[in-house]
Amino acid sequence: MHLEKITPVKMSREAARALPRYALLGLLAVFIGNVFGVLDFWTLRDAENFGVAMEMLRGGTIADFLLPTLTGVPDWHNGPLTAWVSAFFLAVFGPLVGELTALRCASLFWFALALSTLWYGTWHIARRPEAQPLRFPFGDEANPKDYGRVTADCAVLLFIATFGLVRGFHEPTPATVLLALSCVMFYGLTKALKRPVIGFAIAGAAAGAAVLSSTLFGGVWLFAAALAVHAVVKDFPGNAELRCASLIGSAVLTVSLWPALAYGLAPDEAPAWFKGWADTQASLFGVAGPETFSWFLRNFVWFLCPLWPLVLAALWKWRHALTRTHLSIPIVAIAVSIFAVLFSSSQTADTVFIVFLPTLAVLASFGLFTLRSAKANVLDWFSVSIFTLTALTLWAYWLAWTTNFAPKMAVSISRLAPEAVPELGFGFWFALLMTTLWIVFVVWRLTHRPVVVWRGPWLAAFGLTTSLVITMGLFHDVIDRNRSYLPVVESIDATIRAAGIAPNDCVSLEGVPSGIRAIFSYGSDLSFTAREDQVCRYRVLRLRDRLTDTSDVVGEPASRANTTEHFVVVRPE
């Protein structure tokens with residue numbers, strides 16, 4: 001019983017056998033490569049970041065680069081780092097592969113950063129003595145190197161198998177960047193166990209970069225988590241004052257670079273811009289409303305699946321050793337995040353809770369290893385059943401859409417995008433290949449009793465990746481057309497040109513959401529603005545549920561399929 005309290009993990013050398021590197025890297029490449037199947041803007045968050053990055057490139061002045069704007073209106077909600085990186089990829093790869101594909105390269109960069117730092121961070125703490133499995137009387141237990149590698153592999157596999165991650169991983173938005181920086185911070189804290197000054201400098205830089213890429217709230221959140229870990233965990237070597245100075249100094253230095261450059265290179269525009277930014281950031285701090293918690297209560301079962309059952313197992317099985325370093329670092333970081341949620345008044349719920357995922361994945365991997373074989377197999381059978389059913393359903397809908405053998409299913413697809421038609425292109429054949437590989441792995445699992453601990457996470461990650469590939473390969477055109485605002489932009493553009501517009505005239509988008517403004521700016525050569533002090537001959541109105549009955553409407557309204565959203569052009573009086 002005493003040994004069980006020391007460590008609840010029993011793992012043989014065979015169970016810790018390495019997952020082949022080509023298999024892990026290949027799966028990660030396919031998962032991340034799904035971003036290139038998104039050929040339009042599926043969310044307004046994605047379009048907004050793209051619009052800010054494009055204005056940086058089109059503006060031509062240092063102020064446009066340092067002080068982000070969108071259709072003439074300052075973008076005070078987020079810092080410029082996310083748009084800087086997107087602008088870099090647009091400038092380098094845009095002329096070669098197109099602007100939207102270049103934008104997906106930015107997504108690939110941030111996600112690769114998240115996965116690599118999560119893997120190495122988990123590897124650092126999993127090799128520590130207190131994390132090792134129980135020693136067997138005659139040896140043959142997993143050695144620290146193998147145990148560390150398999151723990152890191154499982155953490156990454158569980159991370160990409162999480163349902164909540166699918167919603168925005170293809171978008172290089174501030175929320176995605178904050179997720180990547182939370183992984184970088186975790187890596188820095190684990191690195192500090194051997195190199196304290198460098199490790200805390202990395203963690204501080206990640207917190208500072210969070211301010212530059214997302215919001216002040218996000219940066220304070222990460223910095224508070226790093227500071228709490230420094231205060232609670234006692235195994236960091238070296239001088240405590242020097243560690244703390246490294247953390248604070250790197251955070252302050254990273255944050256200060258942006259305003260220092262702005263005030264130095266754009267002294268006329270910077271004071272007014274930063275005043276608006278400070279007011280906006282201050283409004284983000286406040287007690288969260290009930291909608292944040294009600295959203296979580298309604299969605300956490302699927303949003304954090306399959307992590308949350310394994311996290312509960314970790315907390316229960318390791319309950320006698322929760323203060324150990326390999327557990328206390330992720331636990332303290334999660335605790336600070338939960339506390340921060342209480343004051344996330346102006347944050348969207350999914351953005352708040354998605355930052356939990358890296359540390360939850362680490363805890364989940366330690367929890368997985370504590371389960372006995374019968375309970376650990378639940379993840380295998382869950383993955384096999386859920387993702388096989390998902391694949392069969394997706395293929396059934398595609399066959400119905402193609403052959404009309406099930407009219408109701410076919411109509412449900414056609415209704416989403418009436419102009420879309422099935423294609424037998426690369427996406428189809430790649431989806432067929434991944435489905436075949438998934439069947440091979442399912443048969444392997446049904447006919448074998450593998451002891452390797454990564455089998456469950458592997459099936460979960462491969463199953464979710466297969467579902468994504470099938471969705472992207474078979475229905476990307478349907479989703480693109482259903483989510484796209486470009487047809488609306490083209491219709492509005494044609495209406496305004498038919499009504500007559502001079503070269504110097506502008507079109508007002510005042511009151512239109514920033515993401516839609518970005519799409520208008522991208523999809524049309526007209527001069528759009530949302531500034532209140534600029535008088536334009538035409539104005540675009542976005543209406544919900546009803547059309548305007550005013551006499552100054554120009555042309556016909558434009559709308560997307562199956563929505564109550566309408567856009568009309570009016571002549572302001």
Side-chain angles (χ1 to χ4, degrees), residues 40-41 44 46-77 80 83 86-87 90-91 94-95 98-100 103 266 268-269 272-273 276 483-544 546-560 563 565-573:
D40 208 318
F41 304 109
L44 296 184
D46 191 21
E48 181 178 357
N49 172 69
F50 174 79
V52 174
M54 287 301 296
E55 290 210 6
M56 287 181 175
L57 295 177
R58 293 171 178 171
T61 67
I62 194 66
D64 294 313
F65 192 76
L66 293 173
L67 308 174
T69 60
L70 183 58
T71 58
V73 178
D75 181 21
W76 290 322
H77 190 76
S86 296
L90 288 169
E99 292 170 338
L100 292 180
L103 184 69
D268 296 332
E269 299 91 341
W273 196 96
R483 303 292 298 174
S484 179
Y485 280 91
L486 288 177
V488 172
V489 174
E490 293 171 358
S491 176
I492 294 296
D493 180 276
T495 297
I496 294 175
R497 292 185 187 278
I501 186 168
N504 295 327
D505 284 347
C506 64
V507 179
S508 174
L509 294 176
E510 183 182 349
V512 176
S514 55
I516 300 178
R517 298 203 315 265
I519 300 174
F520 270 95
S521 180
Y522 168 70
S524 172
D525 293 330
L526 298 176
S527 177
F528 293 100
T529 182
R531 289 169 50 188
E532 297 179 0
D533 60 346
Q534 192 166 352
V535 179
C536 302
R537 283 183 61 194
Y538 299 100
R539 180 181 178 184
V540 177
L541 297 180
R542 179 186 184 231
L543 306 174
R544 290 282 194 179
R546 64 181 180 83
L547 293 175
T548 181
D549 56 0
T550 58
S551 59
D552 55 358
V553 172
V554 178
E556 296 295 325
S559 62
R560 296 185 299 154
T563 69
E565 181 183 48
H566 302 275
F567 294 84
V568 296
V569 180
V570 299
R571 288 189 179 95
E573 297 179 358

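Start at 1 with the first residue, then count along the sequence. Side chains are part of it too, since the values below use all heavy atoms of this structure and drop only hydrogens, waters and symmetry mates.
- Every residue was checked against the side chain to side chain donor-acceptor pair (under 3.5 Å) condition with Glu556, not counting sequence neighbours, and none meets it.
- A search for ring-ring contact (aromatic ring centres under 6.0 Å, His included) contacts involving Phe41 returns Phe50, Tyr522, not counting sequence neighbours.
- Glu55 pairs by the side chain to side chain donor-acceptor pair (under 3.5 Å) definition with Thr69, not counting sequence neighbours.
- Checked against side-chain contact (heavy atoms from CB on, under 4.5 Å), Arg531 has the following partners two or more places apart in sequence or in another chain: Val73, Thr529, Asp533, Gln534.
- Asp46 pairs by the salt bridge (charged side-chain N to carboxylate O under 4.0 Å, His left out) definition with Arg104, not counting sequence neighbours.
- When the side-chain contact (heavy atoms from CB on, under 4.5 Å) test is applied to Pro80, the partners found at least two apart in sequence or on another chain are Met56, Pro68, Trp84, Trp258.
- Listed by chain and residue number, Asn49, Ala53, Leu103, Ala106, Pro172 satisfy the side-chain contact (heavy atoms from CB on, under 4.5 Å) test with Ser86 (two or more places apart in sequence, or in another chain).
- Looking at residues two or more places apart in sequence or on another chain, you find a salt bridge (charged side-chain N to carboxylate O under 4.0 Å, His left out) between Asp493 and Arg497.
- Listed by chain and residue number, nothing satisfies the salt bridge (charged side-chain N to carboxylate O under 4.0 Å, His left out) test with Arg539 (two or more places apart in sequence, or in another chain).
- A search for side chain to side chain donor-acceptor pair (under 3.5 Å) contacts involving Ser559 returns nothing, not counting sequence neighbours.
- With sequence neighbours excluded, no residue forms a ring-ring contact (aromatic ring centres under 6.0 Å, His included) with Tyr538.
- Residues passing the side chain to side chain donor-acceptor pair (under 3.5 Å) test with Ser527: none are found, sequence neighbours excluded.
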